[in-house]
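Inspection log for the structure reproduced underneath, given as structure tokens.
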Amino acid sequence: MSEAVKEISYESTRYNPHAIEPKWQKKWEEAGLYKVDLSDQSKPKYYFLTMYPYPSGDLHTGHWYAEAPADAAARYLRMKGFNVLFPMGFDAFGLPAENAAIKAARRGENVHPATLTYKQIDRMVKQFAQMGAMFDWSKMIATCDPDYYKWNQWFFLKMYEKGLAYKKQSPVDWCPSCNTTLAREQVIGDDRVCERCGTPVIKKDLSQWYLKITDYAEELLNFEGLDWPARVREMQTNWIGRSEGAEVNFETPAGPLTVFTTRPDTLWGASFMVLAPEHPFVAELTSADKRTQVDAYVEEAKRKTEIDRLAEGKEKTGVFIGAYAKNPVTGRDIPIWIADYVLMGYGTGAIMAVPYGDQRDFEFARKFGLDIIPVVKPDDVETVDVAGMDKAYDGPGTMINSGPINGKIHNGEKGQNSPAIAATIEYLEGQNLGKAAITYRLRDWLISRQRYWGTPFPIIYCEEHGAVAVPYETLPVELPTDVEFMPTGESPLKSHESFLNTTCPICGKAATRETDTMDTFMDSSWYWFRYLTPHKEDGPLDAKLAKHWTPVDTYTGGIEHAILHLMYARFFTKVIRDLGLIQQDEPFKRLRNQGIILGEDNEKMSKSRGNVVNPDDLVAEYGADTVRTYLMFIGPWDQGGPWNSKGIEGPTRFLGRSWTLVTEEPTNDEAITEKTLKELKRAVHTAIKEVTDDFENFQFNTAIAELMTLVNVMNKAKSKQVVETLEWQEGIEGLIKMLAPIAPHIAEELWERSNHKGSIHLKNWPSYDETALVKDSISMAVQVNGKVRGQIEVATDASKDDILDTAKAESNVARYLDNAQIVREIVVPGKLVNLVIKA
RNA sequence: GCCGAAGUGGCGGAAUUGGUAGACGCGCUCGACUCAAAAUCGAGUGGAUAAAACCGUGCGGGUUCGAGUCCCGCCUUCGGCACCA
């Protein structure tokens with residue numbers, strides 16, 4: 001707080017955001033106010049990152065909703081004394097620009113994705129400036145720059161060296177609209193649609209590049225030390241899908257066959273075996289008399305899409321292949337079937353079927369008349385009646401018909417937490433018949449895309465040497481610009497002769513380049529390191545700076561990246577760590593997700609619905625500060641919600657009243673009282689406490705509500721005498737400072753107008769004084785039998801007896817106490833009194 | 001089917017450890033200013049009632065002096081996973 005009251009000069013003009021916003025934006029830029037010195041270690045660092053956007057060329061309300069509150073949070077931290085890095089860049093590769101080029105080509109025009117992308121980036125940078133955000137543009141990156149994507153190629157080669165990148169032929173998901181393959185994570189929901197365009201995907205059998213994210217499955221399940229929303233952690237955990245159980249070896253005429261099961265304890269009830277139709281053992285095991293049937297089933301399974309399979313209502317189908325396996329613990333011969341409910345891509349593509357305990361196996365056994373052997377006796381029955389069962393039993397109980405583990409208890413828990421499972425695994429390992437095992441649902445990350453506008457793979461195919469890495473010193477493999485864009489289902493680079501044809505780095509003979517490009521999620525898997533040194537030429541990142549500045553302290557963005565980007569980024573971080581470039585295990589310490597801002601009709605904003613709210617129009621009408629304030633005031637940030645064109649009037653009036661409060665000369669000349677000043681001070685310090693807590697917790701809506709209350713209180717207290725007090729000045733300074741992160745332009749202008757020197761944005765956040773929060777007297781509710789019957793005013797330090805005396809004397813309360821006996825008296829200091837009476 | 005989140009006025013939403021439900025704002029009503037309107041300022045605003053008693057946080061129970069908050073059983077909406085062995 002200042003030591004002397006400042007001279008106030010009033011100059012009454014109306015609040016006009018259109019005059020002050022461009023003025024300050026220009027001054028801030030000229031002064032380099034938001035430039036961050038990364039080498040400055042005099043203050044603690046804070047890396048505040050918000051997800052970079054695709055350069056669509058137009059900043060929409062969703063961008064504002066994501067960025068403006070993040071900007072406010074970053075500004076708050078800066079005022080709290082941190083050296084805050086708050087960078088911005090562009091996720092510049094991707095299909096929209098390429099599709100626009102194709103569209104233009106069809107019209108006979110020539111639009112290159114690169115030209116378009118850079119033009120759109122320029123436009124968006126200007127729009128971001130209008131928002132008043134404090135991004136440090138000197139750190140900007142665009143992932144389509146060769147000096148950025150060069151390092152995608154570098155990371156890819158490092159992974160290739162370590163065996164973390166590999167190529168394999170297999171059935172993959174293909175989007176017929178985007179004309180490219182997709183990662184498993186990009187196929188969404190029951191309908192199996194493309195994450196980008198919503199088109200149902202189909203299967204294609206292709207040779208593609210993968211990154212071995214499954215090597216890190218176990219580590220990716222560990223979120224220790226991360227302050228992330230539970231929802232995101234659960235989604236990733238679900239996606240990785242860890243199952244604990246055992247691998248068991250079965251003898252077959254074609255050799256040993258391993259199956260994975262989560263219930264090895266039920267092995268004695270395994271009465272048949274099922275293989276996926278694609279299983280490599282099928283051909284060899286099939287007996288001559290079953291050959292025709294089996295071939296037909298395999299063919300049909302191949303033809304059927306997953307949609308078809310689901311559409312069939314999960315009715316079990318399958319055929320006996322005429323071969324038998326030996327149940328390793330009972331020695332019984334059990335028939336081997338194939339069925340499409342067993343998937344080649346999970347576990348070992350083969351299962352032991354225990355119809356007693358597994359609903360799918362149960363249905364299958366009932367349909368085809370296979371044996372059902374009871375192995376777990378529920379505790380509430382004497383004997384198990386298999387014939388009377390209408391579904392499988394997978395609950396807890398005592399093991400029966402199970403040889404050495406008879407009498408062991410299955411308690412319903414997973415893995416070794418169940419005594420029966422633990423005992424079985426011990427038995428299997430002792431007999432060398434199997435072992436404890438863990439299986440994950442997570443698949444390796446398919447990164448090949450058959451499109452142009454992305455990072456070329458640094459791989460050359462040589463007839464003699466196969467897939468050969470492009471030497472590091474010749475990186476980047478530049479994306480050629482003179483390319484035919486028409487989509488063919490193959491990469492456009494394939495028809496670019498001078499790109500395609502090259503020589504083998506090993507033998508120098510004619511060779512061809514890989515023509516697919518990389519998934520753009522590669523770009524975003526490490527970009528936050530690049531902000532520190534966007535133009536570094538001898539490496540992807542600067543180890544020293546990375547050590548000081550990363551991991552990112554707070555990361556904000558949409559929940560739609562819960563699995564995709566955020567899981568890939570965690571994976572990359574662990575790989576970069578294992579390459580020895582960094583020490584950290586995780587990229588983002590604290591994660592916060594904003595919700596989605598909807599149209600006024602509560603529907604997703606879209607041109608076709610005509611419910612789009614354009615931020616440029618809003619800024620022209622209300623000014624950026626009002627739009628920012630309203631977006632933060634609308635509700636909890638992680639909830640989003642519909643835009644309300646009436647609702648913005650609230651923040652409009654609030655900023656107007658704040659303006660008047662500071663700039664208008666008081667007319668009230670009522671005499672000042674000690675009490676008024678004390679109340680004023682209390683209001684100011686209460687606001688500082690509440691707003692500070694709210695900023696810490698990303699509760700912008702209540703922070704603004706608190707500031708509104710402060711403005712209302714100060715307006716009531718304002719008088720000729722009051723404005724000359726230190727208390728008033730402290731209130732005005734506190735208010736402007738707390739307004740600064742939310743509405744940076746008006747705060748700067750009011751700061752200047754109230755005779756302060758230097759930018760408000762370089763000042764420290766106000767602190768509060770606990771003693772100023774204490775009231776002299778407090779109002780307490782008096783309840784009789786739990787119902788409020790009166791209000792009393794007592795001194796803050798009143799004793800329990802004094803409070804009770806005052807409570808009982810309250811006239812309305814006294815009415816209830818007549819002819820009644822008080823059986824209990826409860827006093828909650830500062831809150832209420834409850835008198836329990838018996839009539 | 002499994003897992004998770006959420007249901008509070010006409011609307012957006014507030015409510016430390018259980019302690020005065022509805023902060024703040026929108027809207028609405030009345031008033032001031034104005035020839036008038038807009039803007040602004042002031043007062044009021046959960047329901048019902050003349051007033052009190054009374055009823056109110058999705059529904060039904062329970063614990064407690066006291067429940068939006070805790071427990072049990074449901075309903076609805078949203079999100080994720082799903083023939084994953």
Side-chain angles (χ1 to χ4, degrees), chain A residues 14 188-190 229-243 245 259-264 266 274 276 306 309-310 312-317 339-343 345-354 357-361 363-364 439-442 559-560 562-563 629-630 633-636 638-639 641-654 656-657 660 690 693 699 701-712 715-716 779-791 812 822-837:
Chain A
R14 284 185 60 90
I188 309 294
D190 260 6
R231 193 173 157 206
V232 176
R233 299 199 311 257
E234 268 152 30
M235 282 167 77
Q236 291 201 2
T237 304
N238 264 345
W239 187 260
I240 295 165
R242 183 184 197 271
S243 295
V259 301
F260 174 74
T261 174
T262 53
R263 290 294 306 277
T266 63
V274 186
E306 292 190 38
R309 288 197 194 180
L310 290 172
E312 282 161 9
K314 298 179 184 176
E315 171 72 23
K316 296 284 172 294
T317 60
D340 65 6
Y341 80 91
V342 174
L343 311 171
Y346 185 77
T348 61
I351 61 160
M352 64 178 215
V354 183
D358 183 284
Q359 184 58 24
R360 295 154 303 178
D361 299 346
E363 287 167 25
F364 197 82
T439 294
Y440 303 90
R441 207 185 72 97
L442 181 70
I559 188 86
E560 67 273 17
I563 295 173
T629 309
Y630 177 58
F633 184 63
I634 204 164
D638 58 356
Q639 255 167 50
W643 177 263
N644 183 330
S645 54
K646 288 276 194 212
I648 196 172
E649 292 302 335
T652 305
R653 285 171 200 156
F654 162 62
R657 276 200 306 274
T660 313
E690 299 293 325
D693 288 350
Q699 285 158 347
N701 57 331
T702 48
I704 292 167
E706 203 55 53
L707 289 177
M708 286 172 168
T709 305
L710 177 61
V711 168
N712 293 345
N715 245 324
K716 280 213 174 76
S779 155
M780 289 176 71
V782 184
Q783 298 182 333
V784 177
N785 284 345
K787 304 215 168 190
V788 180
R789 298 302 182 188
Q791 294 284 334
N812 196 44
I822 299 179
V823 294
R824 209 170 151 185
E825 295 166 338
I826 295 141
V827 178
V828 183
K831 299 278 181 183
L832 55 72
V833 176
N834 190 11
L835 302 170
V836 185
I837 61 166

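Chain naming here is simple, since letters A, B, ... match the order of the sequence lines and numbering starts at 1 in each.
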Discussion item. For A/Gly345 and A/Arg441, find the nucleotide of RNA chain B closest to each by heavy atoms; which residue's nucleotide sits nearer the 5' end?
Written reply: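 The residue closer to the strand's 5' end, by nearest nucleotide, is A/Arg441.
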Fill in: Nearest-nucleotide comparison on RNA chain B, the residue closer to the 5′ end among A/Val836 and A/Asn715
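Of the two residues, A/Asn715 wins.
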Within the pair [X] and [N], is there a side-chain N or O less than 4.0 Å away from OP1 or OP2?
X: A/Asn238; N: B/G79; result: no
X: A/Arg657; N: B/G25; result: yes
X: A/Arg653; N: B/G27; result: yes
X: A/Arg231; N: B/A5; result: no
X: A/Arg242; N: B/A85; result: no

Fill in: Heavy-atom pair with the smallest gap, counting every atom of A/Val259 and A/Thr348
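It is CA-OG1, 3.5 Å.
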Worksheet entry | Whole-Å distance separating the CD1 atom of A/Ile240 from the C1' atom of B/C3 |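 It is 15 Å, rounded to the nearest whole Å.
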Span that lies between the [atom1] atom of [M] and that of [N], in whole angstrom:
N: B/G80; M: B/C26; atom1: C1'; result: 34 Å
N: B/G9; M: B/G46; atom1: P; result: 13 Å
N: B/G68; M: B/A21; atom1: P; result: 8 Å
N: B/G4; M: B/C70; atom1: P; result: 15 Å
N: B/C2; M: B/G10; atom1: C1'; result: 39 Å
N: B/U16; M: B/G12; atom1: C1'; result: 24 Å

Worksheet item: Under 4.0 angstrom, heavy atoms only, what part of the nucleic acid is A/Arg233 near: base, sugar-phosphate, or nothing?
Response: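 Result for A/Arg233 = nothing.
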Worksheet item: If anything within 90° of 0 is syn and all else is anti, what is B/G58?
Response: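 You should classify B/G58 as anti.
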Discussion item. Going by side-chain hydrogen bond (donor to acceptor under 3.5 Å, both in side chains), name the residues that satisfy it together with A/Trp643, two or more places apart in sequence or in a different chain.
Written reply: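 For A/Trp643 there are no side-chain hydrogen bond (donor to acceptor under 3.5 Å, both in side chains) partners, ignoring immediate neighbours.
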Worksheet, complete the sentence: With B for base contact, S for sugar-phosphate-only contact and - for none (protein heavy atoms under 4.0 Å), nucleotides 8-21 of chain B reads ----BSS----BB-
